[in-house]
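Report on one structure; see the data block that follows.
Numbers here simply count residues along the sequence, with the first being 1.
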Amino acid sequence: MKKELNVTNLEQQDQTVACERAQDHVQHDRLQSVIAELAAFGGRSDGGVSRETLTDKDLQARRYLIDLARSRGCSVKIDDCANLFFRRPGTSDLPPVLTGSHADTQPVGGKLDGAYGVLAGLEVIAALNDAGIETLRPVEVVAWTNEEGCRFGPGAMGSSAFVDPSYLPIYRKSVDTKGVSFGDALDLALEAVPDVPRRLMAEPMSACVELHIEQGPVLERALVSLGVVTGIQSVRWYRIQVTGTAGHAGTMPMGERVDAMAAAVGLAQQLYAYQAVEAGEKLRLTLGRWLVSPNSINTIPGAVEFTVDVRCADEQVLVQFEAALNKITQAYSWAGQIEIESIFSRPPTHFPAAMLDLIEMACTRACSKASLDAPLRMTSGAFHDAMYLAEHCPTAMIFVPSKGGVSHNAAEETAPHELFLGVQALAYAVTSLANA
């Protein structure tokens with residue numbers, strides 16, 4: 001028994017040394033170089049990037065990633081949703097450790113967002129190569145298709161379809177503003193890479209770690225360089241349709257109007273008041289899209305449609321909000337017909353405790369070597385591909401700060417040394433998981 005315990009301790013020490021060596025072989029300048037190179041595909045004069053999914057710019061960026069991955073010794077495969085997988089072999093055929101993110105952007109996005117996570121994964125591959133480290137499990141870096149959802153809806157198509165391929169036939173019917181279907185764009189993307197073999201979807205993964213910019217101000221305000229993401233907030237979306245009666249702005253007396261806008265504005269005010277008084281910082285409320293009909297300066301609005309986005313780490317808070325929403329709308333029967341439609345609902349994602357402990361260990365070593373404060377545990381307010389991978393395998397996320405909390409914007413920025421720290425933490429975590 002004592003001999004076995006000593007062997008186990010030696011194995012653990014060897015694994016820790018491998019994790020630290022991988023972390024220490026991450027190269028700052030090499031990372032910055034590929035970030036700049038990828039940003040050139042769809043790069044704008046204001047420093048932003050316009051690279052919507054499956055556009056020509058995106059296809060060019062995909063070819064760049066394929067060539068970069070191959071130059072680092074990876075084999076490349078693609079699945080039916082055009083998700084790209086870059087694989088560094090292990091010493092076994094056990095299910096791989098997955099990392100990566102997405103390379104598509106908003107119509108005017110930044111150079112980091114998901115692209116950072118993909119390039120970070122490839123930098124981990126390079127660090128493992130430089131350190132001469134063999135891993136038991138293969139390491140795969142993925143570039144998911146259409147995470148943003150701005151050209152074709154919904155977002156996170158690639159990761160959700162990988163986990164549940166039954167979504168793909170539905171997604172193929174999605175159409176962009178020019179009438180192009182996601183299915184047609186997907187077929188063109190697959191035809192553009194005849195040198196890349198296909199792989200099956202929903203293949204087993206042993207674990208997944210996604211590195212991402214925070215896209216919010218929490219880390220920067222806390223003066224902390226790395227975040228251990230404990231999970232992703234629950235979200236509910238609603239579409240509210242208020243139907244009144246259109247009429248002449250000059251002739252219809254105020255007391256006789258059935259003004260859809262007056263009712264919609266009143267509803268909005270009550271919803272904001274509920275958030276402030278009853279929920280406070282726990283609940284994030286956004287009334288994001290408004291459609292007014294007939295949308296004429298001298299016509300009483302006959303119909304108003306608006307959307308409600310509510311998010312919270314506590315699902316029960318959203319249950320209470322929905323009850324309040326129904327109660328508030330009942331008070332506006334004078335406004336004509338009011339319809340509430342639930343259009344999306346997602347429970348909170350909680351990452352496993354063992355994964356969080358590993359990520360915290362990886363982040364702590366990276367921070368301590370740089371004489372920085374310990375990492376911060378936090379919840380993600382935004383969706384990420386990791387949300388769907390958490391249904392498929394043990395999953396975790398690492399955040400780096402976003403200057404000013406800005407993202408989906410040409411001004412999106414993270415300090416280079418913090419980008420470097422994030423990849424160092426990722427290298428430690430991936431190496432540990434790949435030897436488990």
Is the backbone N or O of [Y] less than 3.5 Å from a side-chain atom of [X], with the two atoms forming a donor-acceptor pair by type?
| X | Y | value |
| --- | --- | --- |
| Q275 | G280 | yes |
| T329 | N326 | yes |
| S181 | S174 | no |
| D104 | E147 | yes |
| T414 | P401 | yes |
| S402 | Q215 | yes |
| R51 | A103 | yes |
| Q23 | A362 | yes |
| D314 | K282 | no |
| T230 | M378 | yes |

Problem - Lys/Arg N to Asp/Glu carboxylate O, D130 vs R72, below 4.0 Å - result: no
Should [X] and [Y] count as side-chain neighbours, where that means a heavy-atom distance under 4.5 Å?
| X | Y | result |
| --- | --- | --- |
| Q320 | E278 | no |
| L65 | F41 | no |
| K173 | F152 | no |
| T55 | D58 | yes |
| R198 | L190 | yes |
| S225 | L219 | no |
| L168 | L186 | yes |
| Y274 | L325 | no |

Where do [X] and [Y] come nearest, in terms of heavy atoms and distance?
| X | Y | value |
| --- | --- | --- |
| S159 | A156 | OG-O, 3.4 Å |
| C393 | A207 | SG-C, 3.8 Å |
| L119 | I35 | CD1-CA, 3.6 Å |
| P154 | N146 | O-ND2, 3.3 Å |
| L285 | L271 | CD2-O, 3.4 Å |
| A120 | L211 | CB-CD2, 3.5 Å |

Rounded to the nearest 0.5 Å, what separation is found between the [atom1] atom of [X] and the [atom2] atom of [Y]?
| X | Y | atom1 | atom2 | result |
| --- | --- | --- | --- | --- |
| D113 | H102 | CG | NE2 | 4.0 Å |
| C19 | I133 | SG | CD1 | 8.0 Å |
| E418 | E413 | CD | CD | 10.0 Å |

When the side chains of residues 348-360 are checked against the rest of the protein, which donor-acceptor pairs come out under 3.5 Å, sequence neighbours left out?
unit_1: D357; atom_1: OD1; unit_2: R377; atom_2: NH2; d: 3.1
unit_1: E360; atom_1: OE1; unit_2: R377; atom_2: NE; d: 2.8
unit_1: E360; atom_1: OE1; unit_2: R377; atom_2: NH2; d: 2.7

Fill in the blank from the handout: The single option from L68, T99, V139, I66 that satisfies side chain to side chain contact (heavy atoms under 4.5 Å, CB included) with F86 is I66
Handout entry: Set of side chain to side chain contact (heavy atoms under 4.5 Å, CB included) partners for T145, sequence neighbours left out
Key = T53, L54, R62, A82, N83, F182
Fill in the blank from the handout: Those residues at least two apart in sequence (or on a different chain) that pass side chain to side chain contact (heavy atoms under 4.5 Å, CB included) with D56 are Q60
Exercise for the section: Please indicate whether E281 has more than 12 foreign heavy atoms, meaning atoms of other residues, nucleotides or ligands, lying under 6.0 Å from its CD. Expected result: no
Kindly write out the residues that satisfy side-chain hydrogen bond (donor to acceptor under 3.5 Å, both in side chains) with [X], not counting sequence neighbours, or none if the list is empty.
| X | result |
| --- | --- |
| S75 | none |
| Y64 | E37 |
| D187 | R172 |
| T135 | none |

Practice task
Decide side chain to side chain contact (heavy atoms under 4.5 Å, CB included) for L226 and V400; before the verdict, give the C-alpha distance in whole Å, the side-chain angles of both, and the deciding distance to 0.1 Å.
Solution key: CA-CA 5 Å; L226 292 175; V400 295; 3.7 Å; yes
Fill in the blank from the handout: The ring-ring contact (aromatic ring centres under 6.0 Å, His included) partners of H25 (sequence neighbours excluded) come to none
Exercise for the section: Determine, stepwise, if the pair K111 / T105 fulfils side chain to side chain contact (heavy atoms under 4.5 Å, CB included). Expected result: CA-CA 8 Å; K111 64 182 180 180; T105 74; over 6 Å; no
Exercise for the section: Could you walk me through whether R44 and E412 pass salt bridge (Lys or Arg N to Asp or Glu O under 4.0 Å), step by step? Expected result: CA-CA 13 Å; R44 294 162 46 93; E412 176 183 278; over 6 Å; no
Exercise for the section: Flag the pair F383 / F344 as yes when their ring centroid distance falls below 6.0 Å, and as no otherwise. Expected result: yes
Would you list the atom pairs, donor with acceptor, under 3.5 Å between side chains in residues 286-296 and any protein atom, with sequence neighbours excluded?
unit_1: W290; atom_1: NE1; unit_2: L287; atom_2: O; d: 3.4
unit_1: S296; atom_1: OG; unit_2: N298; atom_2: OD1; d: 3.0
unit_1: S296; atom_1: OG; unit_2: T299; atom_2: OG1; d: 3.4

Problem - salt bridge (Lys or Arg N to Asp or Glu O under 4.0 Å) contacts in which one or both residues fall within residues 203-221, not counting sequence neighbours - result: R199-E203
Problem - Residue pairs fulfilling salt bridge (Lys or Arg N to Asp or Glu O under 4.0 Å) with at least one residue in residues 149-165, sequence neighbours excluded - result: R151-D176
Handout entry: side chain to side chain contact (heavy atoms under 4.5 Å, CB included) assessment of E123 paired with R30
Key = CA-CA 8 Å; E123 175 57 30; R30 182 170 56 195; 2.8 Å; yes
Problem - Selection residues 415-436 - residue pairs positive for ring-ring contact (aromatic ring centres under 6.0 Å, His included), sequence neighbours left out - result: H28-F420
Problem - Stepwise side-chain hydrogen bond (donor to acceptor under 3.5 Å, both in side chains) test for Q337 and T243 - result: CA-CA 5 Å; Q337 184 177 4; T243 304; 4.9 Å; no
Completion exercise
Test ring-ring contact (aromatic ring centres under 6.0 Å, His included), reference F162, set Y171, F85, Y167, Y388, output is F85
Problem - Derivation of the side chain to side chain contact (heavy atoms under 4.5 Å, CB included) call for L283 and L318 - result: CA-CA 8 Å; L283 182 71; L318 298 189; 3.4 Å; yes
